[in-house]
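In what follows, every heavy atom counts, from backbone to side chain, and hydrogens, waters and symmetry copies are set aside.
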Amino acid sequence: MEITGTTTMLKPVYSAPHPLAGEKVPLTVFDRAALDIFIPIVFAYSAPAPSNEALKEGLRRAVAPYPHLAGRLLVDGQGRRLLHLNNEGVLVIEATVPYNLADVLVDGAMAANVCDLYPATPEENFGVPLLQIKLNRYKCGGLVIGLSYHHHTADGVSMSNFITTWENAVREGKNFIAPSPFIDRATTVVPRRTPASVFDHRSIEFKNGESGGCTSEGRDLIPTARVKDLRVHFTAEFVAELKARVGGRCSTFQCLLAHVWKKITAVRGLQPHEFTQVRVAVDCRGRANPPVPMDFFGNMVLWAFPRLRAGDVLSWSYQSVVGAIRDAVARIDEEYIQSFVDFGTLADASGEELVATAAAGTALCPDAEVDSWMGLRCHLLNFGTGPPSVVQPPDLPIEGLMVFVPSPTAKGDVDLFMGVAEDQMEAFRKICYSFDDLLAARM
């Protein structure tokens, strides 16, 4: 890949200074629960694709209502992390690729490693652009946009709202009217008059000694080279059949998660008595009391942990496994959220340093972790020449980590991107579309 032109630091376009200009915004307890990492996303557009100039001009207008994205992460004298809204700008890299886009697509996905398609992850997260974008222009005129943002800045819902704003800014040009998202982070973490933390947040959302919310004790770590990225395409017809087997009310995400949990449990060969759990991201905006507006820009996610014995995952009906997932998610209610907010207040008062729970090593087995992009608009991002032909998360170097993404090419279809142990890849492929008895299918 040949980099052309110079790297640009784009600053937002303001008709008047933003009210928060220059502010140093403390991270909330929700921000600190998000991992201290950059999150990349890749979008591919066949020719004719929008021009780089149109994308950059729209980006300058779109970032203006979201000053956090043009700021920088810093640490104050007390060691607290802050978002400095200093208007330093967004990093944009332009590249040319000496291939046709069709040459690097296979079955609706990028054929090779995608890490070259978004800006390299910074070695240090402080003082660097919190939003970084790479525009990869192919010989045919096709375009791949690699977008990467720091997780302390925003969660998936927030970034979905931002990319919708970017889309509108490019399509509407000078007629674009900037939205006014809800950006008052302090109002999302108001403690009770007497803060009372009644759940074990110190070991669920944050690290407690050597352990965290997901455990992999007693399991062998897998060399990174032996963790392979797997993409599975579920058609709308498959999803409909799956829902019919579940019966009753069931979201596409819950049905597919139950199905994949069964399959990965089968190929892992867990003992029937062994427990397995899935770390499920839960948007808390509508669950908090009072509810937080859906256009809130920041982090407002906690996690549910449906947990079953491996034998039950395999032998229970789809309806029962979905019920276990739904019950775990339902426990992230207003009382749990308020307890989490109170915990953050008490931790701050005592000067406690909070470190988000992270996956240990390269294997989650016997557990798993899932993110759902089902309710986001990534697959609809249309700058004026049509939606993307590919929407893809970064390479997933952790066994058991998975992302569900709506298909950008077929309504109702869903793509699963998952890190799988190399020696289990073929077995998973053989049964991933089967509804057969999984106890008989165990390896």
Side-chain angles (χ1 to χ4, degrees), residues 25-39 73 79-83 125 150-159 185-192 195-217 257 275-289 291-292 296 298-307 325 327-361 364 367-372 398 400-403:
V25 180
L27 297 187
T28 71
V29 67
F30 290 99
D31 295 330
R32 284 175 284 172
L35 295 179
D36 182 17
I37 58 174
F38 277 82
I39 305 293
L73 189 65
R80 297 174 301 180
R81 292 189 171 206
L82 306 168
L83 290 170
N125 291 339
H150 195 280
H151 209 342
H152 282 339
T153 311
D155 58 21
V157 172
S158 295
M159 287 308 295
R185 298 190 180 208
T187 62
T188 68
V189 286
V190 177
R192 284 175 278 218
S197 177
V198 296
F199 296 94
D200 188 16
H201 303 290
R202 189 170 283 103
S203 60
I204 298 175
E205 289 84 11
F206 298 98
K207 290 182 180 180
N208 180 14
E210 297 299 320
S211 66
C214 284
T215 61
S216 56
E217 291 87 346
L257 177 56
F275 277 101
T276 171
Q277 67 181 14
V278 184
R279 188 175 194 252
V280 181
V282 179
D283 180 17
C284 296
R285 287 167 174 79
R287 296 170 180 266
N289 184 20
V292 174
F296 166 67
N299 283 288
M300 200 71 195
V301 168
L302 293 176
W303 294 270
F305 294 91
R307 186 171 186 261
I325 295 169
D327 289 346
V329 171
R331 287 193 283 273
I332 309 301
D333 56 13
E334 62 182 70
E335 173 59 27
Y336 188 91
I337 295 167
Q338 188 62 59
S339 171
F340 180 72
V341 169
D342 288 356
F343 167 78
T345 300
L346 294 170
D348 286 344
S350 65
E352 181 178 356
E353 181 179 357
L354 299 177
V355 180
T357 300
L364 296 179
D367 300 329
E369 181 173 342
V370 61
D371 282 325
S372 173
I398 300 177
L401 181 61
M402 49 186 155
V403 182

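- Closest non-hydrogen pair, Asp31 versus Pro26, comes out as OD2-O, 4.4 Å.
- Interatomic distance, Gln277 CD to Arg307 CZ, rounded to the nearest 0.5 Å: 6.0 Å.
- Residues His151 and Phe38 form no side-chain contact, since every pair of their non-hydrogen atoms from C-beta on lies 4.5 Å or further apart.
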key: Intermediate values then yes/no, side chain to side chain contact (heavy atoms under 4.5 Å, CB included), Tyr336 and His201   = CA-CA 10 Å; Tyr336 188 91; His201 303 290; 3.5 Å; yes
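- Nearest heavy-atom pair, Ala356 versus Ala34, reported as atom, atom and distance to 0.1 Å: CB-O, 3.9 Å.
- Contact detail for His152 and Arg32: the closest heavy-atom pair is CE1-CA, 4.2 Å.
- Panel note: side chain Asp333, backbone Arg287; no donor-acceptor pair is recorded below 3.5 Å.
- In terms of the salt bridge (charged side-chain N to carboxylate O under 4.0 Å, His left out) criterion, residue partners of Asp36 (sequence neighbours excluded) are, by chain and number, Arg81.
- Residue Phe305 holds its CZ atom at 8.0 Å from CD of Glu369, rounded to the nearest 0.5 Å.
- Within the 3.5 Å criterion, the main-chain N or O of Val198 finds a donor-acceptor partner in the side chain of Ser339.
- Between Leu302 and Glu205, some side-chain heavy-atom pair lies under the 4.5 Å cut-off.
- Listed here is the closest heavy atom pair of Met300 and Ala288: CE-CB, 4.2 Å.
- Annotation: side chain of Leu82 is not in contact with side chain of Leu73 (no heavy-atom distance under 4.5 Å).
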ask   = Do Ser158 and Asp155 pass the side chain to side chain donor-acceptor pair (under 3.5 Å) test, and can you show the C-alpha distance, the side-chain angles, and the key distance before you say yes or no?
value = CA-CA 5 Å; Ser158 295; Asp155 58 21; 3.0 Å; yes
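- In terms of modelled atom types and a separation under 3.5 Å, the side chain of Asn299 and the main chain of Phe30 share no donor-acceptor contact.
- The shortest side-chain heavy-atom distance between Val292 and Cys284 does not fall under the 4.5 Å cut-off.
- Side-chain contact between Phe343 and Leu354 is present, with at least one heavy-atom pair separated by less than 4.5 Å.
- Contacts of Phe275 classified as ring pair (Phe, Tyr, Trp, His ring centres under 6.0 Å), with partners at least two apart in sequence or in another chain: none.
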ask   = Between Arg80 and Asp348, does a side chain to side chain contact (heavy atoms under 4.5 Å, CB included) hold up when you go through it step by step?
value = CA-CA 9 Å; Arg80 297 174 301 180; Asp348 286 344; over 6 Å; no
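- Side-chain contact between Phe206 and Val29 is present, with at least one heavy-atom pair separated by less than 4.5 Å.
- In this structure, CG in Asp367 is found 12.5 Å from CG in Leu401, a value given to the nearest 0.5 Å.
- Applying the salt bridge (charged side-chain N to carboxylate O under 4.0 Å, His left out) rule to Glu335 yields the partners Arg192; only residues at least two apart in sequence or on another chain are considered.
- Annotation: the span from Thr153 atom OG1 to Met159 atom CE amounts to 8.0 Å, rounded to 0.5 Å.
- Remark: side-chain polar atoms of Asp342 are paired, donor with acceptor, to backbone N or O of Ala196 under 3.5 angstrom.
- Checking side-chain atoms of Thr357 against main-chain N and O of Ser203 turns up no donor-acceptor pair under 3.5 Å.
- Between Ala304 and Ala328, the shortest heavy-atom distance links the atoms CB-O, 3.5 Å.
- Rounded to the nearest 0.5 angstrom, Ile337 CD1 and Arg285 CZ are separated by 11.0 Å.
- A distance of 7.0 Å separates CZ in Phe296 from OG1 in Thr187, rounded to the nearest 0.5 Å.
- By the 4.5 Å heavy-atom criterion applied to side chains, Leu364 and Ile398 are counted as neighbours.
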